[in-house]
Amino acid sequence: MTHGLEGEVTLGTLVFDSDDLEETEDFLCRAYARMRIGSGTPDASRARIRRQTLASISVDELDLDFDMSYSVSPLGKICLCVVHDGTIEDHVFPGVEDAFGPGDVVSFAPPDLPYSGRIRAARYNITMLDPALLSQVAATVDQRTPQPVRLTGHRPHSAAAARHLRQTISYLRDHALADPAIAEQPLIRTTVSQLLAGSVLAAFPSTALTDPTGPDRNDAHPGTLHRALTYIDDHADQPITVADIAAAAHVSIRAVQYAFRRHLDTTPLAYVRRVRLAHAHHDLATADPQTATVTGIAARWGFFHPARFAALYRETYGTIPSTTLRG
């Protein structure tokens, strides 16, 4: 059975399952970008694809039982690949030629470059995100003429970084995107986007400058912190990014991050999470237990993993969320 793409999917799941190569090529063209594929295995051509989409992020699981060559036009997106089984060989884009095997996590190519290669009976994950998401959590060196943050390498800089990114992708796939009722919450979208973008920047070399400069350190004074805290407190119920917080405080992203670290020993997003947890606590205490649920209230405030929400809640309030809701 084949489920096609109906326009631009912003939220939801679609499944593709076909042994028709032309049908598979058509689906891949609409799901990714214009491409040509060819089978090197005459007796097999089955492709199974499951896509989960949330706003500017998509997470796909692909299972091909045949050898497939591919030639892909620029995607305009960051395209990450995690290989579960099989191999991807002769992967080429300008300046790079590489091969990937089980456990590898890579960025297929810069968003503006074409690429090609060969998949050998592989099962793998493709996660795509809007490059603009990187600039919501980090910035380049010159804030006066800001440039978009971009990746400068296609492999993670360490095995630990690769492992963390694989875990983040699995975490989002299995929890944030698995339940439409959770994924449709506005705060979940920004939480997921910033979590993935931050993990990508932590894994790959990039143009982002994370250490504060001299001016950043000068700007990280109590007044900056006060403006940032006020903005967060006033907008905690809205989708906000680190870039929004920095803009409201009239400083760079690095400066606002350094201000939180210097004065509160935390990060802007950790403080946002603390404020939203307090709102969730209030809602649990005042909601009707006959109609409200812990999962629903948690999702409304940007918490998409019930067990982690319960652990954080207990650590903060000394009880579990369901007790507060019933109480």
Side-chain angles (χ1 to χ4, degrees), residues 1-6 8-21 23-33 35 37 39 41 44-70 72 75 77-89 91 99-109 115 117-130 154 156 162-180 182-184 188-189 192-193 195-197 199-200 203 304-305:
M1 177 180 290
T2 303
H3 297 271
L5 292 172
E6 305 268 345
E8 186 69 21
V9 179
T10 57
L11 173 65
T13 301
L14 61 86
V15 177
F16 175 88
D17 190 339
S18 176
D19 57 7
D20 185 307
L21 201 63
E23 205 170 52
T24 299
E25 180 178 272
D26 178 67
F27 177 87
L28 294 174
C29 285
R30 288 182 290 137
Y32 299 102
M35 69 176 73
I37 67 171
S39 174
T41 314
S45 59
R46 185 162 185 195
R48 291 175 291 274
I49 304 169
R50 177 181 176 85
R51 162 167 287 194
Q52 295 165 286
T53 308
L54 177 63
S56 53
I57 294 172
S58 63
V59 180
D60 301 350
E61 291 293 338
L62 301 94
D63 188 353
L64 309 181
D65 68 356
F66 59 98
D67 294 351
M68 183 187 83
S69 61
Y70 56 87
V72 184
L75 291 171
K77 296 182 179 181
I78 296 170
C79 182
L80 310 174
C81 177
V82 179
V83 182
H84 305 313
D85 297 300
T87 57
I88 298 177
E89 301 175 355
H91 183 81
F100 320 123
D104 281 344
V105 52
V106 299
S107 173
F108 260 166
Y115 61 89
R118 216 168 13 150
I119 297 169
R120 290 196 176 275
R123 187 172 61 85
Y124 57 104
N125 171 284
I126 293 290
T127 297
M128 296 196 299
L129 61 153
D130 187 337
H154 73 290
R163 182 169 58 252
H164 182 265
L165 181 55
R166 285 198 304 271
Q167 292 170 344
T168 298
I169 291 171
S170 298
Y171 178 56
L172 299 183
R173 179 197 64 204
D174 297 339
H175 298 286
L177 304 182
D179 185 346
I182 291 177
E184 69 184 2
I188 296 293
R189 300 185 188 190
V192 167
S193 297
L195 177 60
L196 181 58
S199 295
V200 169
F304 58 82
H305 191 295

A.B. asks: For His305, is the NE2 atom crowded, meaning more than 12 foreign heavy atoms sit under 6.0 Å from it?
C.D. replies: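 Counting neighbours around NE2 of His305, more than 12 heavy atoms of other residues, nucleotides or ligands fall under 6.0 Å, so yes.
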A.B. asks: Show your reasoning for whether side chain to side chain contact (heavy atoms under 4.5 Å, CB included) applies to Leu64 and Arg48.
C.D. replies: CA-CA 6 Å; Leu64 309 181; Arg48 291 175 291 274; over 6 Å; no
A.B. asks: Only counting residues at least two apart or in another chain, list the ones meeting side chain to side chain donor-acceptor pair (under 3.5 Å) with Tyr171.
C.D. replies: none
A.B. asks: So, using ring-ring contact (aromatic ring centres under 6.0 Å, His included) as the criterion, who are the partners of Phe108 when residues are at least two apart?
C.D. replies: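 Counting only residues at least two positions away or on another chain, Phe108 forms a ring-ring contact (aromatic ring centres under 6.0 Å, His included) with His91, Tyr115.
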A.B. asks: Do any N or O atoms from the side chain of Arg166 and from the backbone of Val105 form a donor-acceptor pair under 3.5 angstrom?
C.D. replies: no
A.B. asks: List for me each residue that meets side chain to side chain contact (heavy atoms under 4.5 Å, CB included) alongside Ser58, sequence neighbours excluded, and say none if there are none.
C.D. replies: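 Only Arg51, Thr53, Asp60, Met128 meet the side chain to side chain contact (heavy atoms under 4.5 Å, CB included) criterion with Ser58.
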A.B. asks: Which atom names give the shortest non-hydrogen contact between Ala162 and Pro156, and what distance separates them?
C.D. replies: CB-CG, 3.7 Å
A.B. asks: Once side chain to side chain contact (heavy atoms under 4.5 Å, CB included) is applied, do any residues pair with Arg123, and if so which ones, sequence neighbours excluded?
C.D. replies: Asp63, His84, Asp85
A.B. asks: Answer yes or no: is there a donor N or O on one side and an acceptor on the other, between the side chain of Thr127 and the main chain of Leu80, under 3.5 Å?
C.D. replies: no
A.B. asks: So, Asp67 side chain and Ala121 main chain: donor-acceptor pair closer than 3.5 Å or not?
C.D. replies: yes
A.B. asks: To check you understand the geometry: which heavy-atom pair defines the closest contact between Ile88 and Cys81, and what is its length?
C.D. replies: CD1-SG, 3.7 Å
A.B. asks: Can you sort out the partners of Thr87 under side chain to side chain donor-acceptor pair (under 3.5 Å), two or more places apart, ordered by chain and number?
C.D. replies: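 Thr87 satisfies side chain to side chain donor-acceptor pair (under 3.5 Å) with Glu89 only.
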A.B. asks: Suppose we screen for side chain to side chain donor-acceptor pair (under 3.5 Å). Which residues come up paired with Ser193, at least two apart in sequence or across chains?
C.D. replies: none
A.B. asks: Check the pair Leu28, Val72 against side chain to side chain contact (heavy atoms under 4.5 Å, CB included), reporting the backbone distance first and the verdict last.
C.D. replies: CA-CA 10 Å; Leu28 294 174; Val72 184; over 6 Å; no
A.B. asks: According to salt bridge (Lys or Arg N to Asp or Glu O under 4.0 Å), does anything in residues 167-179 pair up with another residue at least two apart or in another chain? List the pairs.
C.D. replies: Glu61-Arg173
A.B. asks: Could you list the residues that satisfy side chain to side chain contact (heavy atoms under 4.5 Å, CB included) with Leu177, not counting sequence neighbours?
C.D. replies: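 Side chain to side chain contact (heavy atoms under 4.5 Å, CB included) check on Leu177 returns Gln52, Leu54, Val59.
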A.B. asks: Quick one: list whatever passes side chain to side chain contact (heavy atoms under 4.5 Å, CB included) with Asp20, sequence neighbours left out.
C.D. replies: Ser18, Glu22, Glu23
A.B. asks: Salt bridge (Lys or Arg N to Asp or Glu O under 4.0 Å) with Asp65: which residues, sequence neighbours excluded?
C.D. replies: none
A.B. asks: In Å and rounded to the nearest 0.5 Å, what is the CD1 to CG distance from Ile78 to Asp130?
C.D. replies: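 Reported value, rounded in 0.5 Å steps: 8.0 Å.
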A.B. asks: When rounded to the nearest 0.5 angstrom, what distance separates CD1 in Ile57 from CG in Leu129?
C.D. replies: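 Atom-to-atom, Ile57:CD1 and Leu129:CG are 6.0 Å apart.
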A.B. asks: How long is the span from the CG atom in Leu62 to the OH atom in Tyr124, to the nearest 0.5 Å?
C.D. replies: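 If we round to the nearest 0.5 Å, Leu62:CG and Tyr124:OH are 4.5 Å apart.
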A.B. asks: I need the minimum non-hydrogen distance between Tyr32 and Ile126, along with the two atoms involved.
C.D. replies: CE2-CG2, 3.7 Å
A.B. asks: State the CZ-OG distance between Arg120 and Ser69, to the nearest 0.5 angstrom.
C.D. replies: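 Here the interatomic distance stands at 10.5 Å.
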A.B. asks: Mind checking side chain to side chain donor-acceptor pair (under 3.5 Å) for Ser107 and listing every partner two or more places apart, or none if nothing turns up?
C.D. replies: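 For Ser107, no residue satisfies side chain to side chain donor-acceptor pair (under 3.5 Å) once neighbours in sequence are set aside.
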A.B. asks: My understanding is that only residues two or more places apart in sequence, or in another chain, count here; which of them pass salt bridge (Lys or Arg N to Asp or Glu O under 4.0 Å) with Asp26?
C.D. replies: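 Only Arg30 meet the salt bridge (Lys or Arg N to Asp or Glu O under 4.0 Å) criterion with Asp26.
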A.B. asks: Which heavy atom of Ile37 sits nearest to which heavy atom of Glu25, and what is that distance?
C.D. replies: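 Smallest interatomic distance, heavy atoms only, reads N-OE1, 3.0 Å.
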A.B. asks: Compare every heavy atom of His164 with every heavy atom of Ser199, then report the nearest pair and how far apart it is.
C.D. replies: OG-CE1, 3.6 Å
A.B. asks: State the CZ-CG distance between Phe66 and Asp19, to the nearest 0.5 angstrom.
C.D. replies: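 One finds 10.0 Å between CZ of Phe66 and CG of Asp19.
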A.B. asks: Determine whether Val82 and Phe100 make a side-chain contact, defined as any pair of heavy atoms from C-beta on separated by less than 4.5 Å.
C.D. replies: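 A side-chain contact is absent here, since even the closest heavy-atom pair is not under 4.5 Å.
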